[in-house]
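For reference, the structure discussed in these notes is given below.
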Amino acid sequence: TVAKETVSKLELRRGRAARSGLGLTGCIAVLILLAAFSPPAGAWVETRLNDPFTDGADTDGADPLDTNWYGLESAIDPLGLPPTVDGGTLVTRIHDAALGEFKSVTLAFPGDYVEVSADIRSENTLADATDSGWVLGLFNSRGTPLTYDIDSNGGDTAPVEDDDGYWVTKFVDGDDTTDDFLIKEAVDKLRGGIFQWEVTTLSTTSTDINATDTFWHEIGLRITLADNGDDLDILGWFDTYNTTYTYVGGATGSVGLTFDEVVIGGASGQSDLQTRIDNILVTTNVPEPASAALVLLGAAAMLNRRRRR
């Protein structure tokens, strides 16, 4: 009798597993599929960096997803101004830029993107110039992150000499016909690249926005792996103006598909350019490994629960 009851229970469990449509093998198969495919574009958005400088510092602080910021040339100054004024900002000086790091993003599937945006303005009215303006870029540190202000460390640029990336430049010429917006590529030269040396200009378009004033402006850059998996769609914007450049074969280019640095500041050509920076935000639809693991664990738990019913 005991043996018959045991057999009956086993048959009952097998019947429930069969009715559920998924056994242990089925659960494993689903997990493999979940791990093999990225989420659909727009289904997942993560913030990797969010620094409004409300703590008045250029180092890790109380701000959400804060980071350390370092000067690529002269030192940078944090100004923790009252919220009624600017809410706290970071300031760079003449032809200087600031560099911060975030958890790396690798564009592995079509539709994957990484995006950076920031608010930026000058303390002083800028002179018309056809080769000077704001810069914002996404770079790959190649495993050698910058950990100091370059000029205050004897001008040692070694950590950034192998960095690759893309950036946008908004010239500040008052003449709308030459007030250009550029998308550029730098290979093995972050510091020199950001100051216009040893670079490749991918796109140049004219805008109708005069940026010589002292008002706040928004500048942004998004890099997306194109649907064909070979090209990069590089979107840049300044206030209401935006342009997209399709970099054919960019996915297999020298820069690569991994990014972990953001660079922002003002280019040369101004006598008294003090660039005030705020609300630097880096987002992506590529989940961190830890986040992806949580999704897989949740899926496994749900499938296991269903299998046990």
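As a basis for the values below, the full set of heavy atoms in this structure was taken, side chains included, without hydrogen atoms, waters or symmetry mates.
Among all heavy-atom pairs drawn from Pro145 and Pro159, the shortest one is O-CB, 3.9 Å. Taking every heavy atom of both residues into account, Thr214 and Arg121 meet most closely at O-CD, 3.2 Å. Taking both residues in full, the closest heavy atoms of Thr283 and Leu281 are given as CG2-CG, 4.0 Å, listed atom of the first, atom of the second, then distance. Contact between Ala158 and Asp156 at its shortest, heavy atoms only, is N-OD1, 3.1 Å. Taking each heavy atom of Leu138 and Leu221 in turn, the nearest pair found is N-CD2, 3.8 Å. Nearest heavy atoms, Ile120 versus Trp216: N-CE3, 3.4 Å.
From Asp278, atom CG reaches atom CD of Glu218 across 11.5 Å, with rounding to the nearest 0.5 Å. Note: Thr67 OG1 to Asn50 CG = 11.5 Å, rounded to the nearest 0.5 Å. To the nearest 0.5 Å, atom CH2 of residue Trp167 and atom CD1 of residue Ile219 are 12.0 Å apart. Distance check, rounded to the nearest 0.5 Å: CG of Leu49 to OG1 of Thr47 gives 9.5 Å.
Each of Thr201, Thr204, Val168 was checked for a side-chain contact (heavy atoms from CB on, under 4.5 Å) with Ile183, and the lone residue meeting it is Val168. Remark: of the listed residues Tyr247, Tyr113, Tyr245, Tyr247 is the sole one forming a side-chain contact (heavy atoms from CB on, under 4.5 Å) with Leu232.
Thr284 is listed as a side-chain neighbour of Arg48, based on a closest heavy-atom distance under 4.5 Å. With contacts defined as side-chain heavy-atom distances shorter than 4.5 Å, the pair Ile264/Ile280 qualifies. Annotation: side chain of Ile150 is in contact with side chain of Val160 (closest heavy-atom distance under 4.5 Å). Residues Thr205 and Asp180 are not in side-chain contact: their nearest non-hydrogen atoms beyond the backbone lie 4.5 Å or more apart.
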Mind running ring-ring contact (aromatic ring centres under 6.0 Å, His included) on Phe171 and Phe181 for me, showing each step along the way? CA-CA 6 Å; Phe171 288 158; Phe181 187 91; 9.5 Å; no
For Val255 and Tyr166, what are the C-alpha separation, side-chain angles and deciding distance, and is it a side chain to side chain contact (heavy atoms under 4.5 Å, CB included)? CA-CA 8 Å; Val255 171; Tyr166 301 98; 3.5 Å; yes
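Trp69 and Asp51 share a side-chain donor-acceptor pair at under 3.5 Å. Side-chain atoms of Asp63 and Thr54 include a donor-acceptor pair closer than 3.5 Å. Asp260 and Ser141 are linked by a side-chain donor-acceptor pair at a separation below 3.5 angstrom, with hydrogens and angles left out of the test. If you check the side chains of Thr89 and Arg276, you find a donor sitting under 3.5 Å from an acceptor.
Under the side chain to side chain donor-acceptor pair (under 3.5 Å) criterion, Thr157 pairs with Glu161, sequence neighbours left out. Taking Thr144 as the reference, Asp162 meet the side chain to side chain donor-acceptor pair (under 3.5 Å) condition, with sequence neighbours excluded. Applying the salt bridge (charged side-chain N to carboxylate O under 4.0 Å, His left out) criterion to Asp164, with sequence neighbours excluded, gives Arg142. The side chain to side chain donor-acceptor pair (under 3.5 Å) check on Asn153 picks up nothing, with sequence neighbours excluded.
Remark: the backbone N or O of Gly71 is paired with a side-chain donor or acceptor of Asp149 at under 3.5 angstrom. Not one N or O on the side chain of Asp233 forms a donor-acceptor pair closer than 3.5 Å with the backbone of Thr224. Between the Asn228 side chain and the Asp231 main chain, a donor and an acceptor come within less than 3.5 Å of each other.
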Considering only distance and modelled atom types, tabulate donor-acceptor pairs under 3.5 Å from the side chains of residues 97-111, sequence neighbours left out.
unit_1 : atom_1 : unit_2 : atom_2 : d
Lys103 : NZ     : Glu288 : OE1    : 3.4
Thr106 : OG1    : Thr258 : OG1    : 2.8

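Here Leu235 sits in one hydrophobic cluster together with Trp237; the rule is ILVMFWY side chains under 4.5 Å apart, joined directly or through other members.
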